[in-house]
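Since the structure is predicted, the reported quantities are computational estimates derived from the model, not experimental observations. We name chains A, B, ... by the order of the sequence lines, and we start the count at 1 in each one.
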Amino acid sequence: MTIDKNFDPAAIETKWYKHWESENSFRPERPDAPAYTIVNPPPNVTGSLHIGHALDNTLQDIMIRYERLRGKDALWVVGTDHAGIATQMVVERKMEAAGDRRSNYRREDFIKKVWQWKEESGGTITRQLRRLGCSMDWSREQFTMDPHFTQAVTKVFVDLYNKDLIYRDKRLVNWDPKLKTAISDLEVETREINGNFWRFKYPLAADENGNAVTFNGPDGAGQDYIEVATTRPETMLADMAVAVHPDDERYADVVGKYVQLPITGRHIPIVADDHADPELGSGAVKITPGHDFNDFDVGKRAGFAPAEMLNMFDGDANVCQVSDGLIPDEYIGLHRFKRETENGAKIQARELVVKALKELGLLIPHISKNKKGEEVISDAEPRIIQTPYGDRGGVVIEPWLTDQWYVDAQTLAKPAIEAVKNGDIEIVPKTWEKTYFNWMDNIQPWCVSRQLWWGHRVPVWYGPKLEHEFEHEHDCEQVHLVAKDEDEVRNLAAVRYSTTPENILIFNNEEERTTAELQSQNMLKTILVRDNDVLDTWFSSALWPFATLGWPEKNAPLVSKHYPNDLLISGFDILFFWDARMAMQGIEFMGEGGKKPIEQSRPWKTLYLHGLVRAADGQKMSKSKGNVVDPLGLIDEYGADALRFFMAAMESQGRDIKMDDERVKGYRNFATKLWNAARFAQSNGISASQSLSAPTASLAANRWIIGEVQETLITLDKALADLRFDAAANTIYHFTWDRFCDWYLELIKPIIQGDAEASSAQMRSDAEETRQVAGWVLDQILVMLHPFMPFITEELWHAMASSESGKSARNYDIILAKWPAPKAQIDGDAKAEIDWIIAFTSAMRSAKNELGIAPGAKLECIFPNALQGRVNALQSTLERVARIASSSFGDAPDGASMQLVVDGQTIIIPLEGVIDIEAEKARLGKAYEAVNKEAGALKGRLSNENFVARAKPEAVEKAKSDLAEKSSEAERLKTALERLG
RNA sequence: GGGCGUAUAGCUCAGUGGUAGAGCACUACAUUGACAUUGUAGGGGUCGGGAGUUCAACUCUCUCUACGCCCA
């Protein structure tokens, strides 16, 4: 079957992908081969393939295909992430569109709906990964909510709890009032927004005798108030102190006195604390421990326990009554500062507080000057404010005091830091190590509980405290029991409450309990109710490198063979979210708490971080900017192979990639070039090679190209070992196009296209040898290119071996071929000869071009006698490639001629009456100038005593030989010029 | 405020202690011959500014400028 004239990527891609998958080619059985393992960063099950996935997965597929070709037992683990918040949001949005809402359902029913949605719509991204050609092990596709994954997550939670590495704590969390859940520090992004800076007078409270209190005041004039400044006036309803810097003399005599807060009338102390910045505002700052992270710490230092701290917001960030009951009724229920859903139609707490203080005469107005120099009075000074936003919900985060589960990240981070320091985990590019250390060294407790429904439920049950455990009269705090399942918690509880397991009654949630409590027969039993929260999605994905392999099942075979993984490829944007946490959890759990050495516990040997794919103008792609490039569109237009090659070629370490369609197009052209080369080969009787090692060859061109394959292979292997995808792609690109297509195929045309009937036995055998070599080289190209361009290489692999009927004679697919092993030496003589042909041909073409001689013109050449043997042997090649008409040898005849200096020898092309002598003089003159200048520079360097004395001997030698060469060339050009008169 | 990165041809980017490369774009030429998704030849850069180390700096060090990112 002949190769089609047109290369149509779409026509072959689907065909081969289906074939590979049905043949189980992505994971051939190789029980005795060494393992090579990559786990794929699980995309969100809600997701669809974006350009970043295309990059990330292309790089992984290149490595997996490469190692598979090299005979490894290559495993690329694939699966999707349940993506708690993201997925729940998607399903809720869908419900809202249908006029429905989550709160219409019981938790279990809602979760059923999410599963249903997952079954229907969750396959999008996995289908798209297939289109990109990714050779993942779909037979073991994973999902982070699979039962075995839940087992792993639960075990990790319970074990960490038992090791005191997970604990429950009451502290401020980042609360997302839209999603109504706590989120971790990493999920908060700081944005700069335009805000205001208000200044208020807080009146000093009267002393115990009811006498007014004053202090000197900053200006020493005496005042009965202290000035505070704030960007969040509404939180003054929960102020618990005013802080001044301990060294701030302006306020020294007021520390220890009290303020009587306006509106609430609460008496709060003035405290000294380093947090107060004397330079900012008045130097005195209001302290709201319940709604500001800094204030929380100040509050603790001032002696407030977290449980005492005032919390003035509900989960929606609407004002609620605080524990001392001092907030006036008209504030209750108001939103903190903005009604997202009602466009500010209703008055907000912030607005009302400012209004009230203004009416009380306690607002210090801001005075500024307008352009005309007139004074303008306003309530507040405009300021740029660093404001925390939830990365998913997109609303301002409210620091909120709640009980949550925390992972002791600091302890877990230690060995993970060591692993990188000691080189047990290599981060590529190395510059990211500093970022990693910086974050890990300062890591904060990780809040892992989320107030969502979709996710891994926290394996915790709450039971009553026993009477003797009550810390105070109204203590109704419950105790928690942590266990892997209900049976285990029942037994734990039986022990704890000194009863039998049958007397422990377990409820899945408060609602069930309330219903059940109405039934009086349960009154005598001990009741446990399960924690409602689920875990942060990243808590489960941190287990990906081993939970996907079967852990915690005992002696899971995949774990022992494929853990540690060899390589992890991820975007740097999830270094903290995912990579660092995998390192921590991997080392902790696979190291069995320090029992196993780091070589066995680290999740991967190498962590490769790539950059972002940006829009053509360098901007970050985002839906809101509308500059998102769809990788599937690019695949439709140029083919998956071209897109993949683009990704590889652009991936140099440590730089973002700017999208460039033209370049993708260029690689489509490259694929077409290869296609046509194969077509040419096929039409000239060249077909698939029968041997893995290079055929024996006698002709220079053949010996040369075999050596070039060898060199290319060495360069390519080195590039891939170094994870230099750009270098690897460029190596195979240039070999294919510049060496193989541009020179080798041109050089062999006269050999293989000779008239078979008329040719001698020698010519027939030369042609046969050449066909063998050409077929072999093309095979090597296909295999070396396969990791980058899997589809076209598979197609041509078979096409080159197919009979008339279209049946491929290959007994295996290229995806399972063997990586090249030419076992050939680089042939110096052949290389010298072909390099000479190339140099001569290029010189000839260049000269013709400059002298305006038609490129096709066949010219007579007079070579020096020394070249007689070589030129005679290459006569037919030179006729065709360099377009020489006839050759003779010896000295230059009289008359005008074009002269080429190639490799230190002058070749004369007599052109009496044809060439423009002045033009030829100019051409040679220019060449002479250039060479002479280089020779001059070398001469100058060598005449420098310091250079000769101090430079490395090789450098001096190189300079000497370069000088000799350049001088000789200059000499010859000079002679040539003189000959023209 | 702390940290990191980037600055090389018109554009997008490689690069090495011994005086610069690729792709695209551009110019000229070619075209019945695997390939116009082509071929051949060519023009184009004082490697962001300044200082230092060195026989030698685009490359190493310092500094300045501009841009970008992360953390607080």
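What separates CG of A/Asp185 from P of B/A72 is a distance of 7 Å, to the nearest Å. Between A/Lys5 atom NZ and B/C35 atom C1' there is a gap of 7 Å when expressed in whole angstrom units. Spacing between atom OH of A/Tyr667 and atom C1' of B/C24 amounts to 10 Å, rounded to whole angstrom units. Taking atom CZ on A/Phe725 and atom P on B/A14, their separation rounds to 15 Å, with Å as the unit.
Looking only at distances, a side-chain donor or acceptor of A/Gln653 sits under 3.5 Å from a matching main-chain atom of A/Leu723.
Of the residues near RNA chain B, A/Arg845 and A/Asn946, the one whose nearest nucleotide (by heavy atom distance) lies more toward the 5' end is A/Arg845. Comparing A/Lys926 and A/Phe572 by the nucleotide of RNA chain B whose heavy atom lies nearest to each, the residue mapping closer to the 5' end is A/Lys926.
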Side-chain donor-acceptor pairs under 3.5 Å in residues 428-444 of chain A, sequence neighbours left out?
unit_1: A/Tyr436; atom_1: OH; unit_2: A/Ala416; atom_2: O; d: 2.8
unit_1: A/Asn442; atom_1: ND2; unit_2: A/Asn438; atom_2: O; d: 2.8
unit_1: A/Gln444; atom_1: NE2; unit_2: A/Asn442; atom_2: O; d: 3.2

Which pairs would a plain distance check flag for residues 676-689 of chain A, meaning a side-chain donor or acceptor within less than 3.5 Å of a matching protein atom at least two apart in sequence or in another chain?
unit_1: A/Asn676; atom_1: OD1; unit_2: A/Arg679; atom_2: NE; d: 3.2
unit_1: A/Asn676; atom_1: OD1; unit_2: A/Arg679; atom_2: NH2; d: 3.3
unit_1: A/Asn676; atom_1: ND2; unit_2: A/Thr672; atom_2: O; d: 3.1
unit_1: A/Gln682; atom_1: OE1; unit_2: A/Ile3; atom_2: N; d: 2.8
unit_1: A/Gln682; atom_1: NE2; unit_2: A/Met1; atom_2: O; d: 3.0
unit_1: A/Gln682; atom_1: NE2; unit_2: A/Ala799; atom_2: O; d: 3.1
unit_1: A/Ser683; atom_1: OG; unit_2: A/Arg679; atom_2: O; d: 3.3
unit_1: A/Ser683; atom_1: OG; unit_2: A/Phe680; atom_2: O; d: 2.9
unit_1: A/Asn684; atom_1: OD1; unit_2: A/Gln753; atom_2: NE2; d: 3.3
unit_1: A/Asn684; atom_1: ND2; unit_2: A/Phe680; atom_2: O; d: 2.8
unit_1: A/Ser689; atom_1: OG; unit_2: A/Ser691; atom_2: N; d: 3.2
unit_1: A/Ser689; atom_1: OG; unit_2: A/Ser691; atom_2: O; d: 3.3

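Within the structure, no pair that satisfies the salt bridge (Lys or Arg N to Asp or Glu O under 4.0 Å) test touches residues 836-847 of chain A, not counting sequence neighbours.
Side-chain N/O atoms of A/Thr672 include none lying less than 4.0 angstrom from OP1 or OP2 on B/U38. For B/A72, the OP1/OP2 oxygens have no side-chain nitrogen or oxygen of A/Gln444 closer than 4.0 Å. Phosphate proximity of B/G39 to A/Lys673: present, with a side-chain N or O under 4.0 Å from OP1 or OP2. For A/Lys658 and B/C13, the shortest distance from a side-chain N or O to OP1 or OP2 is below 4.0 Å. At the phosphate of B/G17, neither OP1 nor OP2 sits under 4.0 Å from any side-chain N or O atom of A/Lys952.
Neither side chain, A/Glu426 nor A/Tyr608, offers a donor N or O lying under 3.5 Å from an acceptor on the other. Between the side chains of A/Asp738 and A/Tyr733, no donor N or O sits under 3.5 Å from an acceptor N or O.
Evaluation of the salt bridge (charged side-chain N to carboxylate O under 4.0 Å, His left out) rule for A/Glu746 yields A/Lys749 as partners, not counting sequence neighbours. Evaluation of the side chain to side chain donor-acceptor pair (under 3.5 Å) rule for A/His798 yields A/Glu794, A/Ser808, A/Asp813 as partners, not counting sequence neighbours. A/Asp835 meets the salt bridge (charged side-chain N to carboxylate O under 4.0 Å, His left out) test with A/Lys831; sequence neighbours excluded. Residues forming a side chain to side chain contact (heavy atoms under 4.5 Å, CB included) with A/Ile714 (at least two apart in sequence, or on another chain): A/Gln710. In this structure, the salt bridge (charged side-chain N to carboxylate O under 4.0 Å, His left out) partners of A/Asp779, at least two apart in sequence or on a different chain, are A/Arg810. With sequence neighbours excluded, the residues that form a salt bridge (charged side-chain N to carboxylate O under 4.0 Å, His left out) with A/Asp656 are A/Arg614.
Distance noted for atom P between B/U59 and B/C67: 23 Å (whole Å). B/C60 and B/G17 have their P atoms separated by 8 Å, given to the nearest Å.
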N/O contacts under 3.5 Å, protein versus nucleotides 2-9 of chain B?
unit_1: B/C4; atom_1: OP1; unit_2: A/Lys434; atom_2: NZ; d: 2.9
unit_1: B/U6; atom_1: O3'; unit_2: A/Arg655; atom_2: NH2; d: 3.1
unit_1: B/A7; atom_1: OP1; unit_2: A/Arg655; atom_2: NH2; d: 2.9

Please produce a list of atom pairs where a protein N or O lies less than 3.5 Å from an N or O of nucleotides 26-28 of chain B.
none

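Stem analysis of RNA chain B (Watson-Crick or G-U pairs, both distances under 3.5 Å, runs of at least three) returns B:1-7 with B:65-71, B:10-13 with B:21-24, B:26-30 with B:38-42, B:48-52 with B:60-64.
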